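Predicted model only: the values in this text are computed from it and were never measured. Proteins come first, then strands; the chains are lettered A, B, ... in the order of their sequence lines, and each starts at number 1.
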Amino acid sequence: MPELPEVETMRSGLAAVVGRRIESVEVPRGRLRPIAMRPSARSLAARLKGCRIGGVERHGKRISILIDGLPGTQRRWLVIEPRMTGLLLVAEPPTAEHVRLRLRFSGRDRGELIFWDRRGLGTVRLLDAAGLERACGPESLGPDALAISPDALRERLGRSSREVKVALLDQRAVAGIGNLYAAEMLFVAGIDPRTRCCRMGRARWHRLHAAMQEVLAEAVRLEGSTLSDATYRTALNEPGRYQMRHRVYGRDGLPCGECGDQIRRIVQAQRSTFFCPRCQRRSRGAA
DNA sequence: CGTTCAACCTGGGCGC
DNA sequence: TGCGCCCAGGTTGAAC
């Protein structure tokens, strides 16, 4: 479930291939249904060959790779959405079967960039500047969760009648948060995930913002969360280490590390939410 | 403005 | 051993 920390780890891992020239492009075909790729695999391969990797950026849970050296002066970006099980690797992938795109580099350094995706829900698109703006600009994504100010967070969500856990997953409001980290930051902030945004005062928004920064920064430092299904790996095909720090996610029925009460699982907007009913009471704190 | 539901996929875990 | 079923959750789009 690549969220901000996992995608940020992919981005920093990909810094190793910036400046390299693409010698060949491979889109393996197997028994699996091809993933969404625009333009077609064949055309993508033809256009990328001989180009250079100009840079790598993260936009919420998406990655853009600047492609230099296409004919003409216009720049293009390879925009990749890992969605549920997509990985960007500069090392051998977990299995050969689910490799969706492989760029081989030329020159002294050689090496490869691989997009691997077990479930195939991810997408790969080659976009021009306007397309990049549409896919990753403010009409699709709000401010990054690691860059937003406390007041901007409150400004963007504070009037909503939605439950705060559901609202945190809205990428147009704030970008990068998914199901796992939403649960973790609400626990750290001591906020009931069912609280309506418009019922939260300034103090609680600031507490949520502080928890957001703390949880995401620590998860980035530990290179994301590799769950028991072991899907997510770093760009070097190593597991993340933030799963050891999970306080509520995936822990229903287990005792809360703070108070010892049982952690509960509920469903909000068709997604699991994990929380501690005692540590995350609606009225906890001054509010 | 909002919610709900289905769809896209594969594979791990479970009950039988 | 194996089959059928449920579940994981990012994103989009339709229906209401």
Side-chain angles (χ1 to χ4, degrees), chain A residues 1-8 10 28-38 58-64 79-88 93-101 115-125 127 131 134-137 139-142 144-145 156-186 193-199 219 224-233 239-240 242-243 246 248-253 265-275:
Chain A
M1 55 231 17
E3 303 180 27
L4 187 153
E6 290 77 22
V7 180
E8 176 61 20
M10 293 176 200
R29 300 267 306 135
R31 66 170 181 88
L32 301 169
R33 194 180 174 284
I35 65 160
M37 222 174 259
R38 297 270 140 69
R58 179 181 62 78
H59 316 264
K61 303 174 192 172
R62 299 168 189 177
I63 290 276
S64 70
V79 173
I80 294 166
E81 285 183 39
R83 304 253 174 126
M84 298 300 299
T85 53
L87 299 180
L88 282 164
T95 66
E97 184 179 19
H98 298 91
V99 171
R100 312 291 179 153
L101 176 67
F115 182 56
W116 180 96
D117 188 354
R118 175 157 61 74
R119 284 171 69 178
L121 299 177
T123 64
V124 175
R125 289 175 292 173
L127 301 175
R134 241 176 287 120
C136 299
E139 66 182 85
S140 292
L141 301 175
D144 195 80
R156 300 190 135 251
L157 291 175
R159 283 180 295 275
S160 168
S161 59
R162 285 186 290 179
E163 296 174 323
V164 60
K165 153 67 169 27
V166 176
L168 283 172
L169 302 182
D170 181 350
Q171 302 301 300
R172 294 183 135 86
V174 52
I177 300 166
N179 206 45
L180 192 160
Y181 293 101
E184 292 296 316
M185 64 183 67
L186 284 166
R194 299 164 293 188
T195 311
R196 308 249 168 216
C197 288
C198 56
R199 310 283 294 180
S225 301
T226 298
L227 303 175
S228 55
D229 72 2
T231 295
Y232 164 72
R233 316 286 290 181
Y242 191 74
Q243 63 280 3
H246 291 179
V248 289
Y249 184 81
R251 297 179 49 85
D252 60 316
R265 173 186 177 271
I266 59 174
V267 174
Q268 293 177 285
Q270 280 89 358
R271 303 269 181 272
S272 291
T273 298
F274 301 91
F275 72 111

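With rounding to whole Å, A:R100 atom CZ is found 15 Å from B:dC8 atom P. Note: CZ (A:R162) to C1' (B:dC1) measures 10 Å, nearest angstrom. For the pair A:R271 CZ and B:dA6 P, the computed distance is 13 Å after rounding to whole Å. Following rounding to the nearest Å, A:L168 (CG) and C:dG9 (P) show an atom-to-atom distance of 15 Å. Counting to the nearest Å, the P atom of C:dG9 and the OH atom of A:Y249 are 3 Å from each other. The distance from atom CD of A:Q268 to atom C1' of C:dG10 is 17 Å, rounded to the nearest whole Å. The distance from atom NE2 of A:H98 to atom C1' of B:dG12 is 13 Å, rounded to the nearest whole Å. Atom CE in A:M10 sits about 12 Å away from atom P in C:dG10, given to the nearest Å.
Residue A:R83 has its side chain nearest to C:dT12 when only B:dT4, C:dT12, B:dG2 are considered. Candidate nucleotides C:dA8, B:dG2, C:dT11 were compared by shortest atom distance to the side chain of A:S161, and B:dG2 ranks first. Out of B:dG11, C:dT11, C:dG9, the shortest distance to the side chain of A:R62 is found at C:dT11. You'll find that the side chain of A:L32 is closest to B:dT10, out of C:dT11, B:dT10, B:dC8. Listed nucleotides: B:dG2, B:dG11, C:dT11. Nearest to the side chain of A:R31: B:dG11.
For C:dT11, the OP1/OP2 oxygens have no side-chain nitrogen or oxygen of A:T123 closer than 4.0 Å. Taking 4.0 angstrom as the limit, A:R265 places a side-chain polar atom (N or O) nearer than this to OP1 or OP2 of C:dA8. OP1 or OP2 of C:dA8 lies within a sub-4.0 Å distance of a side-chain N or O belonging to A:S272.
A:S160 comes within 4.0 angstrom of sugar-phosphate atoms only, judged by non-hydrogen atoms across all strands, and of no base.
Nearer to the 5' terminus of DNA chain C, by closest-nucleotide assignment, is the contact made by A:R118 (compared with the other of A:R118 and A:L141).
Across B:dC8 and C:dC3, the matching P atoms stand 24 Å from one another, rounded to whole Å. Taking the P atom of each, C:dG9 and B:dG2 are spaced 23 Å apart, rounded to whole Å. Look at the C1' atom in both B:dT3 and C:dA8: the space between them is 22 Å, to the nearest Å.
Applying the Watson-Crick and G-U wobble criteria (two distances, each under 3.5 Å), C:dG9 pairs with nothing in any strand.
Ion pairing between a basic and an acidic side chain is recognised when a charged N comes within 4.0 Å of a carboxylate O; A:R156 and A:D170 show no such pairing. Classification of A:R125 and A:E81 as a salt-bridged pair holds, one side-chain N sitting under 4.0 Å from a carboxylate O.
Note: A:Y242 and A:Y181 meet the aromatic proximity criterion, with ring centroids under 6.0 Å apart.
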- [ ] Using the side chain to side chain contact (heavy atoms under 4.5 Å, CB included) rule, take A:R134 and A:V79 through it: C-alpha gap first, then chi angles, then the decisive distance, then the call.
- [x] CA-CA 11 Å; A:R134 241 176 287 120; A:V79 173; over 6 Å; no
- [ ] Apply side chain to side chain contact (heavy atoms under 4.5 Å, CB included) to the pair A:L4 and A:R58, showing each step before the final yes or no.
- [x] CA-CA 9 Å; A:L4 187 153; A:R58 179 181 62 78; 3.3 Å; yes
TODO: Start with the C-alpha gap between A:R31 and A:E97, add the side-chain angles, then the distance that decides, and say whether salt bridge (charged side-chain N to carboxylate O under 4.0 Å, His left out) holds.
DONE: CA-CA 9 Å; A:R31 66 170 181 88; A:E97 184 179 19; 2.9 Å; yes
TODO: Test side chain to side chain contact (heavy atoms under 4.5 Å, CB included) on A:K165 and A:F274 and set out the steps.
DONE: CA-CA 10 Å; A:K165 153 67 169 27; A:F274 301 91; over 6 Å; no
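The stretch residues 170-181 of chain A touches DNA chain C through A:Q171, A:G178, A:N179, each having a heavy atom within less than 4.0 Å of the strand.
Just one of A:L88, A:T123, A:V99 meets the side-chain contact (heavy atoms from CB on, under 4.5 Å) condition when paired with A:F115; it is A:L88.
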